[in-house]
Structure formats: structure tokens, C-alpha cells
Amino acid sequence: MKKILLGLLTVLAFWASAETIRIEPARRECVIVLPAEANFCLTYAAKELSYHLEKMTGVKVETITEPTPVPAGAFVFSLGETAVASAAGLTSAGLAYNHARLHGDQNQLLLVGNDSGKRIADLLVQSCGTLFAVYDLLEFENGCRWLWPGELGECIPRQAAFQFEAGRREIEPKLKFFFWRQLWGVRHQWPTPTSYEEFMNAEIAWLLRHRSNRDLSEQHYPHAFEGWAAKYLKTHPEFFNLLPDGTRRSSPLYWGGQDKYISMCTGSPAFRRQVVLDWLENYNPDIPRINLKSNDTSLQCTCDYCMADDQSPIPTEVRRARAAERYQKGDARWYEELGSMTRRQIAFYQGVQQLADQIAPEKHAKFSGLIYANSSDAPEGAELGSRFQFSFCPPMYFPWTRAKIDLYKQRWEGWCKTGADLVIRPNFTLDGHCYPIAYAREVHECYTFAEPRSLKGSDFDSLTGMYAAQGLTLYTIARLQSSPNGLPFEEIVREYCSAFGAAAPEVRSYFERLAEISRGASAALESGRPEGGSWTLYYLAGHELFTPQRFAELDAILARAKAAVPVDSIEGRRVEFLRVGLENARLTAEAAAAYDRFQKSSDYIDFAQAVGALDGFRADHAHWLAFNIGYCVERENNSWPRGLAMQMTKDTVALPIDWPFRTDPEKQGEAQKWAAPDFDDSDWKKIPTDRPWEQSGYADYDGYGWYRLRVALPAKLPGEPVLLIGSADEACDVWINGEKVLHRPYPYQGNENSWNESFEVPFGKAARPGQENVIAIRVEDNVGLGGLTKRCFLKYVPLRSEAENLIRNADFSEGLAHWELVQRNGRSQAEAVQFDGRRAVTFRAVSPDPERRAFNKYANYAMLAQKFPGLEKGRRYVVTVEFRTSADFDGIMMVFCHSDVQRSRQSAANIQMDHNGKMLQWGTISKEFTAGMESGDLWLNYACNRGQLYFSRVSVTPVKDHESH
Ligand SMILES: [Zn+2]
């Protein structure tokens with residue numbers, strides 16, 4: 001007690017003696033000084049300091065670079081090793097990673113840090129001492145908060161003075177590293193490349209403000225043994241797990257037995273020795289730890305060594321027999337019978353440590369390990385010490401329950417008692433897709449429990465960026481990474497909500513309600529879905545929790561919040577930000593519900609419309625930075641046939657899912673006329689056309705497979721009939737009424753993804769209106785899964801009489817007459833050609849401009865424009881365009897049709913259609929609009945770095961309601 005009191009007194013004495021300096025830029029000239037050779041970290045720190053000072057005080061503080069002299073009497077903010085700093089005896093010598101030294105008095109604030117980096121992305125992986133010291137001063141001494149990326153999320157207090165404690169001290173980060181994995185791989189799913197760049201850059205800035213940074217020497221240890229099978233499996237099988245079937249190989253029950261996932265024989269002394277020898281041989285002082293992070297399938301060996309390491313009270317032979325029984329049944333979790341994965345893991349760690357100390361005592365090795373869900377039980381009584389650093393991956397997913405939290409704490413405590421340093425490395429931030437799930441209080445409880453118990457770093461997988469819908473949770477996680485230990489949850493909530501001014505009480509009750517709904521989520525939302533959690537497919541399930549009633553209730557709370565503050569105030573815009581996040585979730589839920597109905601019935605129209613509404617909303621609201629559109633779309637594309645929906649017109653009919661099917665291993669179907677209309681297929685088995693035939697009882701079949709379908713066409717066709725095939729994996733041939741209309745080899749025209757793409761097959765002259773028509777499709781599959789894998793549709797392309805078409809020279813038979821070529825980036829040539837059976841216009845790059853890229857990406861961007869009269873205001877029209885690309889095309893096709901008085905945004909009268917990437921045969925896209933004026937503008941856009949784009953048969957015609965429907 002006495003000791004604690006004494007400590008307290010010392011702290012009090014320090015605070016009493018420390019002087020708070022208040023600098024008012026409005027009353028005294030201030031200047032930021034950089035050394036002559038400032039690196040990127042320093043210039044970025046100067047930019048951030050200047051930005052915040054101006055927002056805070058309203059005064060712009062200039063930055064000068066030495067040897068420019070400091071104006072007499074000015075207050076100096078010096079960043080880095082300036083002459084001013086060295087005059088005060090401040091250097092960076094001996095500073096640890098991300099550390100900085102501070103010296104401050106009435107006339108100067110000097111910061112010298114361990115700094116490096118050449119561009120902004122470097123700052124996430126290189127030492128940022130000075131920059132982080134600046135953020136420390138802004139956050140802890142001036143009350144700056146960064147709630148979410150972008151300016152709207154910045155809470156910078158308006159105050160006359162910037163303040164700090166005088167004196168000299170070292171500033172060190174709370175954690176060795178805080179890493180929140182950004183999702184970089186989703187560029188193409190954003191509405192435009194610019195919107196993607198804007199979002200990701202704002203996210204980097206926000207992460208840096210929360211001191212996100214990886215010290216690679218501490219953190220950069222991926223799975224250690226992924227390359228070992230290639231290197232050692234032949235020469236040293238004893239390094240690898242002994243499976244219950246007596247083989248040593250990657251378990252065929254996990255991801256098909258890929259070598260990189262192989263489990264090691266962690267009990268084997270030879271393996272342990274090799275780990276140490278490999279580390280010595282490839283010793284890298286920048287990444288000095290011995291990496292013991294096991295592959296995905298860890299600790300699955302049944303050899304005598306490993307079974308002994310378990311120290312199980314159950315006899316080895318009994319455990320082996322039980323494991324073998326489950327293994328033979330194909331149970332991927334057979335290893336649960338072996339015993340405590342924790343004990344064999346500890347034995348491995350201790351064994352390697354002993355060997356390392358024997359073989360290379362001078363290195364005093366340190367170790368990096370993973371604690372996976374299957375081995376995360378608290379170890380009893382094991383002592384490891386702080387030479388070990390473990391990344392703890394809790395088996396924790398949404399919904400969070402009391403039982404999960406308690407288990408988490410119990411296990412964390414158990415690992416803490418080993419004396420090892422611990423890193424929190426969860427996957428739970430992947431949860432929830434864009435839905436407003438909330439677990440801020442729960443994550444706070446787990447995190448603050450870990451803080452005083454050996455928490456040394458964090459590594460979150462991943463940052464999905466749903467900053468509005470999951471705002472409070474994401475902010476809580478970010479805020480905890482640099483805050484003093486034990487920051488109360490209530491304080492985080494208060495600072496978040498206070499940013500909404502008079503709307504704070506409503507915003508607080510909004511997040512409280514979200515937390516309640518989240519706690520009430522049933523376990524059904526997670527069961528039966530991958531990884532024990534639901535994150536990969538949550539977009540298909542979220543609407544079960546967030547029902548229309550709940551959205552209405554949440555909307556009402558935000559409406560009250562909105563009413564409490566002026567619409568155009570910053571608080572009003574922050575409430576709107578939350579509403580944009582909620583609306584995105586609501587539209588996602590609607591699309592998911594429509595997808596459910598689409599799966600069960602043949603009604604695709606409301607699904608296509610729901611996805612259209614969702615995509616339109618996201619494109620219009622991308623600049624809010626409220627959600628990561630690319631991530632949403634990428635996940636959704638795993639199940640939602642967006643591309644297919646794009647190719648559907650108003651007159652599209654879903655064909656039945658189940659079609660008569662027959663394999664053709666002898667390749668005799670064509671000779672035996674299986675495609676003929678009168679061929680008897682009554683004994684063919686019906687299988688679904690929306691999944692590979694492997695899932696319909698033809699598990700190992702490769703080769704030819706035939707599908708047949710009888711479909712009636714109306715006597716009066718609403719348009720030209722076209723078969724839309726969701727995808728045929730890999731190649732296919734199509735017959736209509738016995739007439740071969742398509743031969744589509746794989747890869748189709750050099751396109752290796754053609755097995756997964758949707759395409760159109762016009763009936764052409766083979767169509768028999770008013771009769772039954774027979775479609776026969778022969779699919780050829782030679783590798784992996786095969787068959788018709790997404791649904792087929794019958795589509796009617798609008799009949800277009802040239803008399804009604806408002807577009808002149810619509811098929812380019814008169815060259816480019818009536819069309820105007822507009823160059824946007826680089827120079828492109830547009831030329832009327834006869835190509836692939838059509839009259840068309842093609843774009844081709846003449847001189848690209850790589851310096852000034854359109855959409856941040858394309859060196860070529862041009863368009864053909866035509867203004868057309870003859871619209872009747874309020875009447876509906878349909879724009880239809882046929883297009884295709886060359887095989888090397890890497891850009892985007894866009895069609896804009898505007899007839900709105902308001903030119904800029906999309907509306908019922910201003911529509912846009914687009915297509916990303918290759919389209920190696922003619923495809924039709926069409927969309928309706930309601931004329932807003934008596935004339936319209938049509939633009940055919942071409943943007944790419946490589947390749948050609950072709951347009952053909954462009955039309956704008958009035959929509960007719962067909963009596964035949
Ligand atoms: Zn073993």
C-alpha cells in the first residue's frame with residue numbers, strides 16, 4: 001500500500017510541476033520547421049499538424065524547410081532533426097521503433113522521432129515516431145478524435161490555443177504494432193476507380209491517426225510451414241503428420257489436401273531440429289524470431305511422439321482408434337479425438353526452445369507462434385516466458401454471447417500465465433457484411449481485459465470498412481489501440497455521440513438498439529456456415545435479423561436524430577452519414593430477400609430491380625465513405641448473378657431449373673441425334689441447371705453431358721427470342737430445334753474465364769413461334785466441376801423497327817454520320833466496320849495518355865455522342881445497344897442516355913448502363929427510361945488501356961406493352 005501511495009504522490013508531483021503551454025497562433029506567429037532533408041514521414045507529419053492547427057484555431061501555420069530562417073519571435077514547431085532540435089541537444093539516436101523525443105517550452109515544441117518511409121502506404125509498415133508523437137499531442141492534449149475516415153468524421157475542437165505539457169520526455173506507442181488489414185483486392189467492384197482510391201486513401205489516413213502500423217520485425221510472421229511439403233516431403237516424410245490411414249501427407253479432408261496446408265509432426269525431434277537449422281541458415285536480423293506459426297491444419301499427427309505430447313489419460317490406442325473411425329467416415333474434425341492440442345503445442349514450443357538454446361545459445365532466440373481455435377484452451381501450469389509471442393485467434397464470431405466472452409477471457413488469462421507476450425489476432429471484424437451489427441461493448445470488455453494481461457500488439461483480419469452501419473464498434477476498436485489502458489466504454493460512447501450535438505441522445509439510443517438487436521441474434525445465423533461464423537455468406541442471412549420492421553424502427557430513431565439538428569450543419573450531415581449506412585443495409589436486405597424468392601420461384605424481375613436499386617444507391621453515395629462498396633459487391637457476387645441481371649430485359653423469362661440430363665462418355669450423342677426435336681428423352685434424369693452436375697449424382701464425371709428442354713414460344717413474339725445461359729462449365733454446343741446455333745470451345749476466344757460467364761444465344765431462324773421449341777445443350781467438361789452451373793433464361797430483345805428508332809445511322813452503315821467523336825483522354829479513333837457478322841463502330845487507341853488517366857486508370861477515353869429529338873415527355877422508352885470487345889480489351893463500356901432537365905445525376909430520365917472487362921461475342925444490354933424532355937443525348941463510352949470495343953445496332957424506341965403477356 002505504501003509503495004502505491006508513494007507512486008501516486010510522485011505522479012501528482014510531476015503534474016503539479018509540469019507547466020501547460022498554450023500557443024495561440026492568432027496572437028503569436030507560429031511556424032513549422034522541417035530539416036533540409038525531410039523524409040516523407042516528416043513532411044506528412046507537418047501536413048497533418050498544419051491541417052489540425054488550422055481547423056482548431058482558424059489560423060494557417062506555414063511550414064518552412066531549413067535553412068530558411070525562422071521569423072524573429074515566432075513559436076517554432078520543429079519536426080525531425082532540425083538545427084533547432086540539435087541546438088537543444090535532441091537527437092534520434094537510439095530511439096526504438098515508432099518512438100520519439102519531445103522537448104517543449106514557451107518558445108518551441110521539438111519532436112524528433114525514429115522516422116522513415118517514402119510514400120503514404122510505407123507509413124503503415126515503417127517507423128513513424130514523429131508522426132505518431134504529433135497524433136499523441138493532438139489526441140491526448142488537445143482532444144482531437146477521428147471517428148471515421150474523411151473530413152466528416154474528424155472531431156477537432158475549435159479552440160484558440162494548441163496546448164501541451166512543457167518539459168522533455170520520450171513518447172512511445174502503447175502497442176508494438178496495431179495492424180488492421182485493409183481490403184485492397186476489390187478495386188474492380190467499385191463504381192469508378194476514383195471512388196475506390198478516395199475511399200482507400202481516406203482509410204489509410206484514418207488508420208495512421210489511430211497509430212496503425214506494423215513493426216515487421218515483431219509482426220511479419222506468416223504461416224511458417226507452407227513451403228515445407230515441396231522442400232522436404234520426399235526426403236523427410238517424418239517431418240509431417242502421420243494420418244490415421246498410415247500416410248504422411250496433407251489431410252485430404254481439408255481443402256482437398258493441398259500441400260500448403262499440411263500439418264507437421266510437431267513431436268518429432270528431427271522436425272524440431274530442422275526448424276532451428278533452417279532459421280539459422282536463413283537468419284534475417286530484420287525478422288529475427290523463429291517462426292513457429294503452423295499451417296491452417298495444425299497438430300494433427302498420430303505418431304507416438306505427438307500422442308505422448310498430449311499427456312492424455314486415455315490410452316493412445318483408444319484415441320487412435322476413435323480418430324481413425326471418424327477419419328474413415330470423412331469427418332474433417334477427426335483430430336478432436338487425439339487429445340489436447342494445447343499440450344502438444346506447448347511441448348513443441350518448449351522443445352524448439354531447448355534445441356535453439358543448445359545449437360545457438362548466443363542468438364538467445366525469440367519465437368513467434370499462433371494460437372488457433374483448436375489449440376486455444378488455456379494451458380495449465382506451462383511456463384514459456386516473454387521470449388515467446390503468440391497471436392491469439394479466438395474462436396469468436398458474431399453473435400457475441402456471454403459464454404463466448406467468458407471463454408475468451410478464461411483462455412486469454414491462461415495463455416497470459418505462461419509469461420508469453422500476446423497479440424490479439426481475431427477474425428470477428430469480418431462479420432456482418434454491411435449490416436448494422438453492434439458489439440462495441442463486448443469487444444471493449446475483451447480488449448480491456450487483455451490490456452493489462454500481456455497484450456503487446458493487435459492484428460485484425462480484416463477492416464471491412466462499414467463505417468456508418470458499424471460505426472461505434474469500429475471506432476471503439478480503433479480508439480482502444482492508442483488509448484491509455486482501461487479507458488471506460490462509457491467515455492468512448494460519450495465522445496462518439498457528442499459529435500452529433502443535440503442529436504447525441506438519439507444517436508446513443510440508435511446504437512443501444514442495434515446492440516440489443518445484435519445480442520438477440522439467434523445462433524441459427526452462424527450455424528452451418530463456414531468457419532463456425534457466417535461472415536463469408538452473411539449478406540445472404542443478414543435480413544433474417546434485420547427485418548423490414550426493424551429497419552423501420554431504426555429509421556425512425558435516425559429521423560428523430562435528424563430533427564434535432566439543422567440539416568446542413570456538420571451534426572446534421574453526420575446523422576445523414578448514419579442514415580446512408582442504414583439505407584445501404586436495408587437495400588442489401590431487400591436484395592437478399594429478393595434473391596431468396598428468385599431461388600425458389602422463377603421470378604427474377606424484383607431481384608434484378610433490387611440489385612439495380614442497391615447498386616444505384618451505392619454509386620450515388622460512394623463519396624460518403626460510409627461503406628466499402630468493393631467488398632460488399634465482391635462478397636455478393638459469390639452468389640448473386642449480377643452480370644446475368646444486367647443482361648436481362650423487361651421481357652425475360654426464367655426457364656425451369658431442372659432439365660432432363662444424360663452423360664455421353666462415348667461421345668455418341670451427336671451421331672444419335674440427341675439434339676433432334678423428336679428425340680425421346682423421357683428416360684433422362686432431371687437435374688438442376690444452377691449447380692455443377694457433380695452435385696447432382698455425377699460426382700466424378702468428366703466429359704460430355706447433354707441437357708434438353710422443351711419450351712413454348714408465343715405466336716406473337718414480344719421480341720427476338722434469345723437463350724441466356726448463366727454459365728456452361730467449360731465448353732458447350734447449342735442446338736435449337738435440331739439446328740446447331742453455337743459452338744463455344746474453352747477457353748472461348750482466348751478468355752480463360754469463359755467457363756464462368758453468362759452469354760446469349762439468339763434463336764435466329766431456328767425459332768418456331770406458337771410451337772414447342774427444343775433446346776439441347778451439350779456441355780464438355782474436362783477439369784474439376786462441370787455442367788450448366790447458373791440458371792438459363794429466355795429473353796426477348798426488343799423488336800426495333802427502324803421507323804420508330806430515334807437514333808439516326810443506328811447501325812453505322814453511313815459511317816459516322818450523325819455521331820460526334822468526343823476525345824476525353826489520349827486520342828482514339830472511331831471507325832465504321834463490318835465485323836463478326838454485323839455493321840458496327842469500333843474504337844481503337846491512337847495515342848494513349850498515360851500521364852492523365854481517366855478514372856485514375858485508363859490512358860484512353862473517348863465517346864460517340866448523338867443528340868436526338870422526338871421524345872414525348874413522360875413516355876417510356878428503351879435504349880438497346882449491342883456490343884462486344886476484342887480478346888485483349890481491359891477496360892469498361894458505358895452507355896449514358898440523358899433526357900432530364902437536371903443533367904448531372906442518374907434518374908428515371910438519366911440512365912447509365914455499363915460493363916466491365918471482356919465480352920467476346922455480341923451481347924445486348926437495354927434499359928428503360930422515362931423521357932424528361934423532348935430531346936435526349938446518347939453517349940457510347942470507351943475507356944481502356946488495351947484492346948477494342950465494338951458497338952452495333954443502337955436504338956431508342958418507345959416501350960410497348962405486349963398484349964401477348
Ligand atoms: Zn508426430
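The figures that follow rest on heavy atoms only: side chains count, while hydrogens, waters and symmetry mates do not. In listed order, ligands and their atoms are each counted from 1. From a predicted model like this one, the values you see are computed outputs, not experimental measurements.
Cation-pi geometry between R441 and F489 is not satisfied (NZ or CZ under 6.0 Å from the ring centre, within 45° of the ring normal).
Near-neighbour remark for the Zn ion (ligand 1): protein N, O or S atoms under 2.8 Å are C265 SG, C301 SG, C303 SG, C306 SG; waters not counted.
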Note to self: Walk me through whether N241 and Y335 qualify under side chain to side chain donor-acceptor pair (under 3.5 Å).
What the structure shows: CA-CA 11 Å; N241 70 169; Y335 55 82; over 6 Å; no
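If you check the side chains of S251 and Q300, you find no donor sitting under 3.5 Å from an acceptor. Between the side chains of Q219 and D215, no donor-acceptor pair is found at a separation under 3.5 Å. In this model, no donor atom of one side chain and acceptor atom of the other lie less than 3.5 Å apart for Y698 and D781. A donor-acceptor pair shorter than 3.5 Å cannot be found between the side chains of S116 and S127.
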